[in-house]
Amino acid sequence: MGMPMIVDWPTMVPTLLTWFHLHERPLAWREPGTSAWGILLSEVMSQQTPVSRVEPVWREWMERWPDPAAFAQASPAEVLRAWGKLGYPRRALRLLECAQVIVSRHDGRVPDDVDDLLALPGVGDYTARAVACFAYGHNVPVVDTNVRRVVRRAVEGRFLAGTASKSELPAVAGLLPAEDGPRFSAALMELGALVCTATSPRCGECPLRKECAWVAAGSPPPTAEELAKKKVQKFAGTDRQVRGLIMDVLRGAEAPVPQSEIDVVWPDDVQRSRALFSLLADGLAEQDDAGLFRLPR
DNA sequence: AAGCCGGGGAG
DNA sequence: CTCCCAGGCTT
């Protein structure tokens, strides 16, 4: 639909790298010497959770479980409590399975090959490339929500990121400089996180504003068609909220809890039962011989 | 391609 | 209140 814009991307690369050098956030996992396990952990924790909330938990985990082998021996209950309120606790369970696979099939070492990484539980298209790139320095395209948004705007001249798609990989791959790929990808993500933000981009602070296709086009607002595709997920009143409330009870309980302690978290019997059942099905909760509920051992 | 899966903080 | 966040998995 939108007319293709010709952008002189190569000239933007050094500009972006210079900006990154000046504005990079000092995230804990960016410190030199961070292990591949540390990178993997940071990426999984950051899936759908802002990095500001991730950092303190990441530090705890790295101290407690410094490598995959140490973590692989933890119990699901321990892991879910340590995960706390990072959200989507299934991610924590998959991380445990992931570490166990790393131990059993990769000799306890986080693989550096994208396909090997993709085969790990909880590791998808983004995370696999992020680990290959940021942990091992491989020059592979890393495409997250930030990169998609920045490329859509700066290169294609459109405002919204739209739905994630593998088809965006080649486009980003074409932008990757032969040198400094990891640095470049990190800079692109950082620009999206700090400047080229989702709803209110700070174009006045953007190092690419002179070359940005969206700015050049007059900063057109998102089209009605683009807005219609957005559809933000509800949270209040959904099963996700009820599941979260139940998990909060289980995490905080010293001993297995009776049904009555779960019943008080939500008034709707049908929805509450559905949520509890789904947690059991997901392996996020279990029932002991006495019928009490607890985190999985 | 669309729906589901937590929770918090900014606007 | 709505929106978003270094996504992944299932259908």
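By convention in this document, chain letters (A, B, ...) are assigned in the order of the sequence lines, proteins followed by strands, and residues within each chain are numbered from 1.
Under a 3.5 Å cut-off, the side chain of Arg209(A) and the backbone N or O of Cys206(A) do form a donor-acceptor pair. Distance alone, capped at 3.5 Å, places no donor-acceptor pair between the Arg129(A) side chain and the Val114(A) backbone. Arg274(A) places no side-chain N or O within donor-acceptor distance of the main-chain N or O of Asp239(A), the cut-off being under 3.5 Å.
If you chain together hydrophobic residues whose side chains sit under 4.5 Å apart, Met189(A) and Ile39(A) fall into the same group. In the hydrophobic cluster analysis, where Ile, Leu, Val, Met, Phe, Trp and Tyr join through side-chain heavy atoms closer than 4.5 angstrom, Tyr88(A) is grouped apart from Ile246(A). Both Ile262(A) and Leu295(A) are part of a single hydrophobic cluster, where members link through side-chain heavy atoms under 4.5 Å apart. In the hydrophobic clustering of ILVMFWY residues, with side-chain heavy atoms under 4.5 Å counting as a link, Leu93(A) and Trp58(A) come out apart.
Taking the charged nitrogens against the carboxylate oxygens, Glu55(A) and Arg25(A) have no contact shorter than 4.0 Å, which rules out a salt bridge.
Contact annotation for Ser278(A): no contact, since no heavy-atom pair falls under 4.0 Å across all strands.
Within residues 241-250 of chain A, the residues approaching DNA chain B are Arg243(A), Gly244(A), Leu245(A), by heavy-atom distance under 4.0 Å. Residues of residues 44-66 of chain A that place a heavy atom closer than 4.0 Å to DNA chain C, in numerical order, are Ser46(A), Gln47(A), Gln48(A), Pro50(A), Val51(A). Heavy-atom distances under 4.0 Å link DNA chain B to no residue of residues 175-207 of chain A. Contacts with DNA chain C (heavy atom under 4.0 Å) in residues 19-31 of chain A: Arg25(A), Leu27(A), Trp29(A), Arg30(A), listed by number. Less than 4.0 Å separates DNA chain C from no heavy atom of any residue of residues 98-105 of chain A. Listed by residue number, there are no residues of residues 32-41 of chain A with a heavy-atom contact under 4.0 Å to DNA chain C.
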Pull out every protein N or O sitting under 3.5 Å from an N or O of nucleotides 9-11 of chain C, one pair per line with the distance.
| from | atom 1 | to | atom 2 | distance (Å) |
| --- | --- | --- | --- | --- |
| dC9(C) | OP1 | Gly122(A) | N | 3.0 |

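Residues passing the side-chain contact (heavy atoms from CB on, under 4.5 Å) test with Pro222(A) are Phe159(A), Leu160(A), Glu226(A), Leu227(A), sequence neighbours excluded. Residues satisfying the side chain to side chain donor-acceptor pair (under 3.5 Å) test with Arg90(A), not counting sequence neighbours, are none. Not counting sequence neighbours, the partners of Arg251(A) by the side chain to side chain donor-acceptor pair (under 3.5 Å) test are Asp248(A). Evaluation of the ring-ring contact (aromatic ring centres under 6.0 Å, His included) rule for Trp65(A) yields Trp61(A), Phe71(A) as partners, not counting sequence neighbours.
Of the candidate nucleotides dC4(C), dA6(C), dC5(C), dA6(C) has the atom nearest to the side chain of Tyr126(A).
Atoms CZ (Phe277(A)) and P (dC5(B)) sit 14 Å apart, rounded to a whole Å. Spacing between atom CG of Leu80(A) and atom P of dG6(B) amounts to 11 Å, rounded to whole angstrom units. Rounding to whole angstrom units, CZ of residue Arg91(A) and C1' of dC4(B) are separated by 14 Å. To the nearest angstrom, P of dC4(C) lies 13 Å from OH of Tyr88(A).
Here the shortest heavy-atom pairing between Pro258(A) and Leu292(A) reads CA-CD2, 3.6 Å. The two residues Arg202(A) and Leu194(A) have their closest heavy-atom pair at NE-O, 3.2 Å. For the residue pair Arg158(A) and Trp214(A), the shortest heavy atom distance occurs at C-CD1, 4.0 Å. Nearest heavy-atom pair across Val215(A) and Cys203(A) is CG2-SG, 4.4 Å. Nearest heavy atom pair, residue Asn146(A) against residue Gly192(A), reads OD1-C, 3.2 Å.
With P as the reference atom, dA6(C) and dG11(B) are 14 Å apart, rounded to whole Å. dC3(C) and dG3(B) have their P atoms separated by 16 Å, given to the nearest Å.
A side chain to side chain donor-acceptor pair (under 3.5 Å) check over residues 31-46 of chain A, counting only residues at least two apart or in different chains, returns the pairs Glu43(A)-Tyr126(A).
Side-chain N/O atoms of Lys234(A) include one lying less than 4.0 angstrom from OP1 or OP2 on dT2(C). Using a 4.0 Å cut-off, no side-chain N or O of Arg274(A) falls inside it from OP1 or OP2 of dC5(B).
Considering only heavy atoms from C-beta on, Val147(A) stays 4.5 Å or farther from Ser185(A) through its side chain.
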Pair Gln48(A), Arg91(A) - check side-chain hydrogen bond (donor to acceptor under 3.5 Å, both in side chains), show working. CA-CA 10 Å; Gln48(A) 296 295 285; Arg91(A) 289 187 289 154; over 6 Å; no
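The number of heavy atoms from other shown groups lying within 6.0 Å of CZ (Phe235(A)) is above 12.
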